[in-house]
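So the structure is just underneath, and the comments pick up after that.
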Amino acid sequence: MKMSAAVVALAFSLVLASFANQGHGALQEGFYKGKCNVDVEKIVSNIITPLVGQKPWITPALLRMQFHDCFVKGCDASILLDGSSSEKTAPPNLSVRGYDVIDLVKAAIEKMCPGVVSCADVIVMATRDAVAASKGGWYSVQTGRRDGLVSLAKNVNLPGPSVSVENSTAIFNSKGISTEDMVYLLGGHTVGVTHCSLFKDRLYNFNNTGRPDPTMQPSLAFFLRLRCPQSSTVDNTVNLDQGGSSADLLGEPTSNIVDNSFYKQIVFHRGVLQIDQALALHQLTKDTVNTVAFAPNDYFLTKFQQAMVKLGAVEVLTDAQGEIRKSCRATNF
């Protein structure tokens with residue numbers, strides 16, 4: 001009996017759908033199930049969770065690492081490679097921390113399941129567990145990435161702290177990330193610190209006016225000037241999320257907690273970095289900021305988690321592309 005062309009086409013499409021559902025050529029949740037005799041994600045969690053309790057800086061460090069990795073040639077762990085001209089040596093990456101944390105996790109996985117789990121996936125899983133350990137909630141991540149073979153400082157072109165909202169939006173959009181998701185991802189500034197040198201111009205000579213940035217709350221500017229004297233040769237640090245600081249009476253310190261406090265701060269003109277404050281003022285982003293700031297915290301956590309998954313899918317290597325490194329600091333050849 002002859003089959004019509006339509007029936008044949010339908011059968012063929014069902015076969016393709018079957019293969020697609022298996023995740024071939026794409027990221028998927030639980031990629032390592034059945035590939036190792038151990039629960040890979042549990043290995044990661046068992047290391048990261050207690051570490052964050054001891055060293056809260058790990059959460060912002062890993063968030064920054066994932067962003068810096070994914071925005072340069074995709075999420076391929078190229079930021080981890082050592083070398084005299086590797087991405088690590090680029091100015092924006094000189095202050096990136098957490099490499100030893102990734103090494104620790106990778107070594108534990110290699111001991112139990114050698115040659116299977118990529119360093120690119122380790123970054124994503126470790127970051128997720130750090131967020132969860134900082135009260136940001138646990139979320140499922142996709143795995144199946146492969147590690148890149150090239151890491152060059154000249155490829156690093158990341159948006160700086162004074163980038164305009166328009167330019168930041170264009171950069172994120174070029175990576176397939178929407179403007180709304182950009183706002184959620186910059187909510188990662190709810191944890192961590194920044195150096196005075198990255199915003200000191202806002203305190204003393206904004207845009208060469210000889211005056212502070214008028215969009216910064218005066219009481220915050222006063223407090224930050226105490227921490228960042230104009231003539232100081234020491235580059236001090238301050239919390240990116242000023243909720244609960246000594247200049248704020250709104251509540252308890254939240255700089256080690258992943259929550260929506262950051263958005264509340266920038267709504268009240270308490271953003272430290274120029275781009276952070278601009279998010280609350282620009283027509284492209286202010287509505288999203290206001291929604292997150294005054295919605296229940298769980299709203300932000302859901303949006304942030306979803307945006308992190310999207311970040312982790314930027315320009316990934318899969319299947320036979322790249323390799324699975326034995327050491328995250330060097331390629332296999």
Backbone N/O of A77 and side chain of R325: donor-acceptor pair under 3.5 Å = yes
Should C113 and Y32 be marked as a side-chain contact (heavy atoms from CB on, under 4.5 Å) after you check the CA-CA gap, both sets of side-chain angles, and the distance that decides it?
-> CA-CA 10 Å; C113 185; Y32 294 110; over 6 Å; no
Determine whether V105 and M125 make a side-chain contact, defined as any pair of heavy atoms from C-beta on separated by less than 4.5 Å.
-> no
From the options I177, L311, I123, I79, select the one residue that forms a side chain to side chain contact (heavy atoms under 4.5 Å, CB included) with C70.
-> L311
Could you tell me whether the side chain of T169 and the main chain of T179 form a donor-acceptor pair under 3.5 Å?
-> no
Residues two or more places apart in sequence or in another chain: which of them pass side chain to side chain donor-acceptor pair (under 3.5 Å) with E110?
-> K106
Are D259 and K135 ion-paired here, with the side-chain N under 4.0 Å from a carboxylate O?
-> no
Ignoring hydrogens and geometry, is there a side-chain-to-backbone donor-acceptor pair from R211 to F206 under 3.5 Å?
-> no
Just wondering, more than 12 heavy atoms not from K286 lying within 6.0 Å of its NZ?
-> no
Got a donor-acceptor contact below 3.5 angstrom from the R329 side chain to the D103 backbone?
-> no
Does a side-chain heavy-atom distance below 4.5 Å link M182 with L279?
-> yes
Just by distance, do the side chain of Y299 and the backbone of T291 share a donor-acceptor pair under 3.5 Å?
-> no
What pair of heavy atoms forms the shortest contact from R146 to G322, and how long is it?
-> NH2-O, 3.5 Å
Which heavy atom of C196 sits nearest a heavy atom of D235, and at what distance?
-> N-OD1, 3.2 Å
Heavy-atom closest pair (L273 atom, P161 atom, distance to 0.1 Å) is CD2-CB, 3.9 Å
Polar contact flag, side-chain donor to acceptor under 3.5 angstrom, D121-T143 | no
Using the test side chain to side chain donor-acceptor pair (under 3.5 Å), find all partners of D201 that sit at least two apart in sequence or belong to another chain.
-> none
Can you tell me if NZ on K88 sees more than 12 non-hydrogen neighbours from other groups inside 6.0 Å?
-> yes
Does a side chain donor of either H282 or E166 reach within less than 3.5 Å of an acceptor in the other side chain?
-> yes
Just wondering, are more than 12 heavy atoms of other shown residues or ligands nearer than 6.0 Å to CG in D100?
-> yes
Do we see a donor-acceptor contact under 3.5 Å between the side chains of R202 and S162?
-> no
Are the side chain of S134 and the backbone of G136 linked by a donor-acceptor contact shorter than 3.5 Å?
-> no
For A313 and C75 the tightest heavy-atom approach is N-SG, 4.4 Å
Residues in salt bridge (Lys or Arg N to Asp or Glu O under 4.0 Å) contact with K326, at least two apart in sequence or another chain | none
Heavy-atom distance under 4.5 Å between the side chains of Q306 and Y139, does that happen here?
-> no
Any side-chain heavy atom of M112 sitting closer than 4.5 Å to one from I43?
-> yes
Any luck finding a side-chain donor-acceptor pair between T209 and N207 under 3.5 Å?
-> no
Say you draw a straight line from OG1 of T89 to CG of L81; how long is it, rounded to the nearest 0.5 Å?
-> 11.5 Å
For residues C228 and Y204, report the shortest heavy-atom separation together with the two atoms involved.
-> O-OH, 2.7 Å
Can you find a pair of side-chain heavy atoms, one from W138 and one from D129, that are under 4.5 Å apart?
-> yes
Please indicate whether K55 has more than 12 foreign heavy atoms, meaning atoms of other residues, nucleotides or ligands, lying under 6.0 Å from its NZ.
-> no
Look at the side chain of N297 and the backbone N and O of N260, then say whether any donor-acceptor pair between them is shorter than 3.5 Å.
-> yes
Using atom types as modelled and distance alone, determine if a side-chain donor or acceptor of D76 lies under 3.5 Å from a backbone N or O of S78.
-> yes
State plainly whether one hydrophobic cluster holds both L317 and V141, where clusters connect Ile, Leu, Val, Met, Phe, Trp and Tyr through side-chain heavy atoms under 4.5 angstrom apart.
-> no
Can we say R128 and E41 salt-bridge, meaning some charged N sits less than 4.0 Å from an Asp/Glu carboxylate O?
-> yes
Donor-acceptor under 3.5 Å (T194 side chain, L240 main chain) = no
Do V267 and V289 touch side chain to side chain, with heavy atoms closer than 4.5 Å?
-> yes
Is it true that V193 and F199 fall in one hydrophobic cluster, defined by side-chain heavy atoms closer than 4.5 Å?
-> no
Classify the ring geometry between F268 and F294 as parallel (under 30°), tilted (30 to 60°) or perpendicular (over 60°).
-> perpendicular
Give a yes or no answer on whether the side chain of Q277 reaches the backbone of Q274 with a donor-acceptor pair at less than 3.5 Å.
-> no
Between atom CG of D82 and atom OG of S327, what is the distance when rounded to the nearest 0.5 Å?
-> 7.5 Å
